[in-house]
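Okay, structure first, notes after.
Only a predicted model underlies this, so the values are computations on that prediction, with no experimental measurement involved.
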Amino acid sequence: MSGPLNALLDQDMPADIVLKSGIIKAHPESMFQVEETHIAGSVEKRRREFRAGRSLAREALGKLGIEACAIPMGPNREPIWPAMITGSISHCSSIGVVALGRRSVYEGIGVDIELDKPLPQDIPELVYTKQERNSTQGSSGIQNHDTLTFSAKETVFKCLFPLLGFYFDFKEVTLGFDTAERRFTAHLPARIAQQIGRSQLVGHYRITGGYILTLAYLKASEHQEQSPCYER
C-alpha cells in the first residue's frame, strides 16, 4: 500500500481484518470469465474499477491463505466471497479498498471510501435522521460531517445487507461519533436488531490525505452470544 491511504489503515484497526488499498489503474481481462461477464457491457471506467477491485481482493485473500479464485457479483451487485470469507470492496476517484475477514470471526464487514469534500446539496436530507441533524449541527469539529455520516452508514449497510437480505434506508440507522477515538456507533432499528440479535454496531473512521475511510463489522462471537437462536 502506498500514497494517501498510508495513514488511514493504521493502528487501532482490528488486526484480524485484512485491509488492502491501491491505485485504480488499467488491468488485463480477468482470468475468470465469470467476472468478465458482469462488465461485458460496461463503460471503460467501470471495467477498470471492477478489475482493480477484484485484483486487490485476491491479494487480500492471499493474506488469509486463500488461493486466487473468482469473485462473482451477486444479484444486488455484491461480491460473492469464498464460503469461509466475508468482506466488501469500495472505490473512490483513483483509490480502491478491500476489507476481508474470516466468517469464523466476523459475520459481516463493510468498508467505504469517499473524497473528503461536501456531499451534493440534496443528499444530506436523505442520510440524516432528525436526531442526528439536531445533535451534530456545528458541534463535531469535522469539516465534512455529512460525507462522514454517509460513508459510515454505507459501511453499516454493506456489513449487514448480506445477512439480512433486504434493503433498509439510511435514515433507519442513527449514528453517534467518538471523535477522540475516531469511532462511531450505529444504533439499529428493531426490524434489523431482531434479525441479527444486536441493537448496535461499532465502526472506525479515518480522515486524511483528502479521503474519508469507514469500516464497520459484526463479530461472530458477539453475535452468537447475544442471539443463540439466530438462523440465516
Side-chain angles (χ1 to χ4, degrees), residues 1-14 17-25 45 49 52-53 56-57 60 77-79 87-101 108-129 131-133 135-161 168-188 200-218:
M1 180 189 65
S2 61
L5 290 187
N6 278 333
L8 289 176
L9 312 182
D10 61 1
Q11 70 277 6
D12 301 327
M13 289 292 198
I17 291 180
V18 176
L19 284 159
K20 188 74 178 175
S21 69
I23 303 298
I24 294 175
K25 56 186 179 180
K45 179 177 182 293
E49 290 174 344
L56 282 173
R77 298 172 61 88
E78 75 279 16
S88 64
I89 303 172
S90 184
H91 312 100
C92 176
S93 184
S94 61
I95 298 292
V97 178
V98 175
L100 297 181
I109 295 174
V111 71
D112 185 64
I113 187 166
E114 304 287 339
L115 290 174
D116 185 13
K117 68 178 187 179
L119 291 175
Q121 189 172 3
D122 58 336
I123 299 300
E125 292 306 316
L126 303 176
V127 174
Y128 277 114
T129 65
Q131 177 183 343
E132 288 170 331
R133 177 61 76 188
S135 65
T136 61
Q137 189 72 40
S139 64
S140 70
I142 297 172
Q143 182 176 5
N144 293 308
H145 197 282
D146 291 351
T147 308
L148 173 60
T149 300
F150 173 87
S151 182
K153 291 193 177 187
E154 179 73 7
T155 66
V156 172
F157 180 88
K158 291 167 78 171
C159 174
L160 295 180
F161 178 77
F168 57 92
D169 193 89
F170 279 10
K171 284 191 171 184
E172 294 185 70
V173 176
T174 302
L175 298 181
F177 288 91
D178 181 339
T179 56
E181 297 292 333
R182 295 181 296 174
R183 295 192 179 201
F184 62 88
T185 302
H187 302 277
L188 306 173
Q200 63 183 40
L201 296 181
V202 176
H204 303 253
Y205 72 89
R206 301 289 184 266
I207 305 174
T208 192
Y211 291 92
I212 295 173
L213 180 132
T214 54
L215 175 74
Y217 50 85
L218 178 65

Ring pair (Phe, Tyr, Trp, His ring centres under 6.0 Å) assessment of Phe170 paired with Phe150: CA-CA 8 Å; Phe170 279 10; Phe150 173 87; 5.7 Å; yes
Evaluation steps, side-chain contact (heavy atoms from CB on, under 4.5 Å), between Thr179 and Ile142:
CA-CA 8 Å; Thr179 56; Ile142 297 172; 4.0 Å; yes
Nearest heavy-atom contact between Val127 and Lys153 is O-NZ, 2.8 Å
Quiz item: Can you check whether Glu125's main-chain N or O pairs, donor with acceptor, with Lys171's side chain at less than 3.5 Å?
Solution: yes
- Task: Say whether, by atom type as modelled, one donor and one acceptor occur between the side chain of Thr147 and the main chain of Lys117 under 3.5 angstrom.
- Result: yes
For Phe184 and Ala216 the tightest heavy-atom approach is CZ-CB, 4.2 Å
Side-chain contact test, heavy atoms from C-beta onward, threshold under 4.5 Å: evaluate it for Ile89 versus Val97 and give yes or no.
no
Between the main-chain N or O of Val98 and the side-chain N or O of Lys20, is there a donor-acceptor pair closer than 3.5 Å? no
- [ ] Taking the side chain as every heavy atom from C-beta outward, state whether Thr149 and Leu175 have any atom pair closer than 4.5 Å.
- [x] yes
Between the CG atom in Leu56 and the CG atom in Leu19, the distance rounded to the nearest 0.5 Å is 11.5 Å
Q. Is a side-chain donor or acceptor of Asp178 paired with a backbone partner of Glu181 at a separation under 3.5 angstrom?
A. yes
Taking every heavy atom of Asp112 against every heavy atom of Glu154, the minimum-distance pair comes out as OD1-CG, 3.6 Å
Value for CG (Leu160) from CD1 (Ile109), rounded to nearest 0.5 Å, stands at 12.0 Å
Residues passing the ring pair (Phe, Tyr, Trp, His ring centres under 6.0 Å) test with Phe157, sequence neighbours excluded, are Phe161, Tyr167, Phe168
Do the side chains of Leu213 and Met13 get nearer than 4.5 Å, heavy atoms only? yes
Checklist entry - Should the ring pair Phe177 and His145 be called parallel, tilted or perpendicular, given that the plane angle runs from 0 to 90° and is split at 30 and 60? => result perpendicular
- Message: I'd like to know whether CD of Glu78 has more than 12 heavy-atom contacts from other residues, nucleotides or ligands below 6.0 angstrom.
- Response: yes
CZ (Arg182) and OG1 (Thr208) are apart, to the nearest 0.5 Å, by 9.0 Å
Is there a side-chain contact (heavy atoms from CB on, under 4.5 Å) between Leu188 and Val173 once you walk through the steps?
CA-CA 5 Å; Leu188 306 173; Val173 176; 4.3 Å; yes
Interatomic distance, CD@Gln143 vs CD1@Ile207, rounded to 0.5 Å, equals 9.5 Å
Is there a side-chain contact (heavy atoms from CB on, under 4.5 Å) between Thr174 and Glu132? Walk through the geometry before answering.
CA-CA 7 Å; Thr174 302; Glu132 288 170 331; 3.8 Å; yes
When every non-hydrogen atom of Asp116 is compared with those of Ile212, the smallest separation belongs to OD1-CD1, 3.6 Å
The reported gap from OH in Tyr211 to SG in Cys92 (rounded to nearest 0.5 angstrom) is 6.0 Å
Please tell me if the side chains of Pro14 and Leu215 come closer than 4.5 Å, counting only heavy atoms from C-beta onward.
-> yes
Steps toward side-chain contact (heavy atoms from CB on, under 4.5 Å) verdict (Leu218, Leu201):
CA-CA 7 Å; Leu218 178 65; Leu201 296 181; 3.6 Å; yes
Smallest heavy-atom separation, Asp146 atom then Leu119 atom, equals O-CD1, 3.4 Å
Residues Leu148 and Thr214: closest non-hydrogen pair is CD1-CG2, 3.9 Å
